[in-house]
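Encoded as structure tokens, the structure appears first; notes follow it.
Everything quoted here is computed from the prediction, not taken from an experiment. Convention: sequence-line order gives letters A, B, ...; per-chain numbering from 1.
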Number of protein chains: 2
Amino acid sequence: MVPFPGGAHGTADPDRGATARGRMFKLSRMADYGVVVLSRMARDQGRVVTAYELSERTGLPQPTVAKTLKLLTRGGLLESHRGTQGGYSLDRAPTEVTVSEIIAALEGPVALTACVDGSDENCAVESLCPIRGHWERVNEAVKDALDSVTLADLTASQEEAAINFGRPRDVAVASDA
Amino acid sequence: MVPFPGGAHGTADPDRGATARGRMFKLSRMADYGVVVLSRMARDQGRVVTAYELSERTGLPQPTVAKTLKLLTRGGLLESHRGTQGGYSLDRAPTEVTVSEIIAALEGPVALTACVDGSDENCAVESLCPIRGHWERVNEAVKDALDSVTLADLTASQEEAAINFGRPRDVAVASDA
DNA sequence: CGGAAAGGGGACCATTTTCGTCCTCTTTCG
DNA sequence: CGAAAGAGGACGAAAATGGTCCCCTTTCCG
């Protein structure tokens, strides 16, 4: 299968010599698509675009883009217009859309472990479990972090980003908080 | 299989009516184990314990605990002692161990998308991709958040937590912005 | 000096998630 | 009323995760 290798940003990375296998906080590919799509929409903010047009413009497969758009709509990030001449529009300014919302729309609400979010069932080590509920602190921290970054932040200076393709990532380790 | 239902905190949660299926930032179960194990070790800080003892004390299966301990050791969070009378010890104070480190040891370094961490390969929508490198900001934010919570924070007032077993989750996903 | 108690490092398999696609229904414009 | 869109969900293939096991090395102790 794999219609376009590695998705939007290439997750095809069979082995890396890291400490452990994966990548901590692996953002789902859907979320990635979400941002790509939203960013593209931000360029003609307010305008109504169809899923098909967006798929063309982003280079992502149409069915996937459609799915993404549906989820973003449910999440309250897009306004949908049905019927002929329909499509989707971004009615909020990119500065008003947080990454947290985007991810929440595509992956569900923020919650790290099961015992964080109200499932009081089957904790096999109930009596011993020393954490019980303390992941919430972490949860909060992450949520706050995600709330602090907006779609606009991600979209900003995209030209620059295009130019710097292949750059050493000096950008990292910015903000203090 | 499923030797002990739902792992340390119970991930058995077939369906929830949330916007999307999953749980944003699903922390891997390994990380959960890691914290459980480390917390238990923190109780007799400095003392050397065997994987077997820890498995008994936490209620988690021995092989899994062993694996977890190995990873934590590689990650530099534990000191291991081989041979008879060997075991593991926590030589840093719980206040000096960040959640970020724990997760990194068990899941790999912080990185949200592939194009964040220096892999400049196969971005299917290279020319169109408006983000290219801007996830780094998010990445940073999350990393910082994780750096700000220590093992001590998670372990603190565990008695209290035990009492609040089954509480309504007012804490979760609170904060506004 | 040899055996038993530990940990080290992987291989391996089963289960769970994720994701990408498709199909059918509803809405709305012309 | 018909065509162009979105809504919603079912499904199947592929990938990630997790849990176990096995064999090797180290070290203590008799």
In whole angstroms, the gap separating P of D:dG6 from CG of A:L78 amounts to 11 Å
For this session: Carefully, step by step, assess B:R92 and B:E79 under the rule salt bridge (Lys or Arg N to Asp or Glu O under 4.0 Å).
Result: CA-CA 9 Å; B:R92 235 188 301 171; B:E79 197 176 343; over 6 Å; no
Its contact letters, B for base, S for sugar-phosphate only and - for none at protein heavy atoms under 4.0 Å, make nucleotides 3-10 of chain C read -BBBBBBB
Separation of C:dT17 atom P from A:E107 atom CD, nearest Å, is 14 Å
From CZ of A:R29 across to P of D:dA16 the rounded distance in Å is 8 Å
Taken in chain and number order and not counting sequence neighbours, the residues that satisfy salt bridge (Lys or Arg N to Asp or Glu O under 4.0 Å) with B:D44 are B:R40
Here the distance between atom C1' of D:dG18 and atom CG of B:L60, to the nearest Å, is 13 Å
Any B:Y33 side-chain nitrogen or oxygen under 4.0 Å from OP1 or OP2 of D:dG18: no
side-chain contact (heavy atoms from CB on, under 4.5 Å) filter on B:Q62, not counting sequence neighbours, yields B:A51, B:Y52, B:S55, B:A66
side-chain hydrogen bond (donor to acceptor under 3.5 Å, both in side chains) filter on B:D147, not counting sequence neighbours, yields B:S100, B:K143
Sorted by chain and number, sequence neighbours left out, side-chain hydrogen bond (donor to acceptor under 3.5 Å, both in side chains) with A:S89 holds for A:H81
A:E53 meets the side-chain hydrogen bond (donor to acceptor under 3.5 Å, both in side chains) criterion, sequence neighbours left out, with A:T50
